[in-house]
Structures are given as C-alpha cells and as structure tokens.
Colleague: 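My structure is below; once you've seen it, I'll send some questions.
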Amino acid sequence: MFVTGINALTKDGKIVNADGSGNRVAAFCYGPKKVLAVVGVNKIVENVEDGFKRVMEVAAIKNIDRMNQKSIEMGKEPRQNINTIANKFTWVKADEKDRITIILVDEELGY
C-alpha cells in the first residue's frame, strides 16, 4: 500500500499531482496494489484545469518556500524552483476498481 497526499482533487473525483523526481506520481500510476490518499478540503477544486492551476500557483510555490527555508536552516544554498518541484505530473481520471481510496478530512491539510 502506498500512503500519500495529493495536490488537487476535482469535485467529480479526478486527481492532479505534481512531483519533482517522479517517485510519488509514479507510485500513483503503477506499482502498489492499493493507494490511500488523505486529502484536506483545501485541495478540492472545480475541474482539472483548476487542479493544475492550484498545483502551480499554490502547492508548488509553498513547497519551494518550505524546501528552500529548510536548506537555509541547514546552511545550504536554496536551489528549489518551479522547474525542480513541479516537472512531472499525473492526472488520474480513473483507475482499477477499489485501488485508490481517498479519505477526505474536513480541515486544511498541507498544500
């Protein structure tokens, strides 16, 4: 089982994710027999286009800031940018029956 969060969930159940290295988006598509995604209500968007917009304008930006701040705290040069954080994407519109389970939490979780 692969346990993860997601970047955006459309009102009709489509999933939009971005990743830097591809490990998270790859696992969504192939590998684990079961995927469990815990999702805050702040990730809900109207449609796929809004999902990609949320990824690029909210999730990626906050993740860049978080990772660069961590680098600074560790005495390293901050190197993360939109091209290193959001360069591999998935858009899941359907999957095998019961493979992906989404737990929707009625609070804001992550970005």
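For the single chain, residues carry numbers from 1 onward in sequence order.
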Colleague: For the residue pair I15 and K43, establish whether any side-chain heavy-atom pair is separated by less than 4.5 Å.
Modeller: no
Colleague: Has the side chain of N42 got a donor or acceptor atom that lies under 3.5 Å from a matching backbone atom of G110?
Modeller: yes
Colleague: Is a donor on one side and an acceptor on the other found under 3.5 Å between the side chain of N87 and the backbone of N83?
Modeller: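 Answer holds: yes.
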Colleague: For the residue pair I64 and Q80, what are the closest heavy atoms and their distance?
Modeller: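 For I64 and Q80, the tightest heavy-atom pair comes out as CG2-O, 3.5 Å.
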Colleague: Hey, can you tell me if F52 and F89 have their rings parallel, tilted or perpendicular (30° and 60° cut-offs)?
Modeller: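 The arrangement is tilted - the two ring planes meet at 30° to 60°.
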Colleague: Report whether V92 and L104 are members of the same hydrophobic cluster (ILVMFWY, side-chain heavy atoms less than 4.5 Å apart, transitive linking).
Modeller: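 Cluster IDs for V92 and L104 match.
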Colleague: Might you point out which heavy atoms bring Y111 and R54 nearest each other, and give the distance in Å?
Modeller: O-NH1, 2.7 Å
Colleague: Looking only at non-hydrogen atoms, find the nearest pair between K11 and I44 and report the distance.
Modeller: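 Looking at all heavy atoms of both residues, the shortest contact is CG-CG2, 3.9 Å.
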Colleague: Take L36 and T4 through the test side chain to side chain contact (heavy atoms under 4.5 Å, CB included) and record every step on the way to the result.
Modeller: CA-CA 6 Å; L36 174 63; T4 188; over 6 Å; no
Colleague: Less than 4.5 Å apart, side chain to side chain, heavy atoms only: is that true for P78 and M67?
Modeller: no
Colleague: Is the number of heavy atoms from other residues, nucleotides or ligands within 6.0 Å of NZ (K93) greater than 12?
Modeller: no
Colleague: Just verifying a value: how many Å separate R66 CZ and I61 CD1, rounded to the nearest 0.5 Å?
Modeller: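 Interatomic distance, R66 CZ to I61 CD1, rounded to 0.5 Å: 13.5 Å.
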Colleague: Side-chain contact, heavy-atom cut-off 4.5 Å: V39 with L109?
Modeller: no
Colleague: Side chains of V48 and K53: does their closest heavy-atom pair fall under 4.5 Å?
Modeller: no
Colleague: Write down the atom of A18, the atom of N7, and the distance for their closest heavy-atom approach.
Modeller: N-OD1, 2.8 Å
Colleague: For atom CD of E73, is the number of surrounding heavy atoms from other residues, nucleotides or ligands below 6.0 Å larger than 12?
Modeller: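 Enclosed.
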Colleague: Looking at CD1 of I85 and CG of N63, how far apart are the two atoms once the value is rounded to the nearest 0.5 Å?
Modeller: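 One finds 5.0 Å between CD1 of I85 and CG of N63.
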Colleague: Taking C-beta and beyond as the side chain, do W91 and N17 meet within less than 4.5 Å on heavy atoms?
Modeller: no
Colleague: Hey, does K34 have a side-chain heavy atom less than 4.5 Å from the side chain of T101?
Modeller: no
Colleague: Measuring from atom CD1 of I100 to atom CZ of F28, what distance do you get when rounded to the nearest 0.5 angstrom?
Modeller: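 The CZ atom of F28 is 5.0 Å from CD1 of I100, to the nearest 0.5 Å.
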Colleague: To check you understand the geometry: which heavy-atom pair defines the closest contact between V45 and A8, and what is its length?
Modeller: CG2-CB, 4.2 Å
Colleague: Give, for atom CZ of R79 and atom OG of S71, the distance between the pair rounded to the nearest 0.5 Å.
Modeller: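 If I round to the nearest 0.5 Å, the distance is 8.5 Å.
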Colleague: According to a 4.5 Å side-chain heavy-atom criterion applied to Ile, Leu, Val, Met, Phe, Trp and Tyr, with indirect links allowed, do L9 and V38 form part of one hydrophobic cluster?
Modeller: no
Colleague: If you define the side chain from C-beta out and look only at heavy atoms, does anything of T90 sit under 4.5 Å from V16?
Modeller: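 Of all side-chain heavy-atom pairs linking V16 with T90, none is under 4.5 Å.
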Colleague: Starting from I102, can I reach F2 by hopping between I/L/V/M/F/W/Y residues whose side chains sit under 4.5 Å apart?
Modeller: yes
Colleague: Hey, is the main chain of N23 close enough, under 3.5 Å, to the side chain of D19 for a donor-acceptor pair?
Modeller: yes
Colleague: Check this for me: M1, atom CE, are more than 12 non-hydrogen atoms of other residues, nucleotides or ligands nearer than 6.0 Å?
Modeller: yes
Colleague: Considering non-hydrogen atoms only, spot the tightest contact between I6 and A37 and give its length.
Modeller: CG2-CB, 4.0 Å
Colleague: Would you call R99 and V35 a side-chain contact if the rule is heavy atoms closer than 4.5 Å?
Modeller: yes
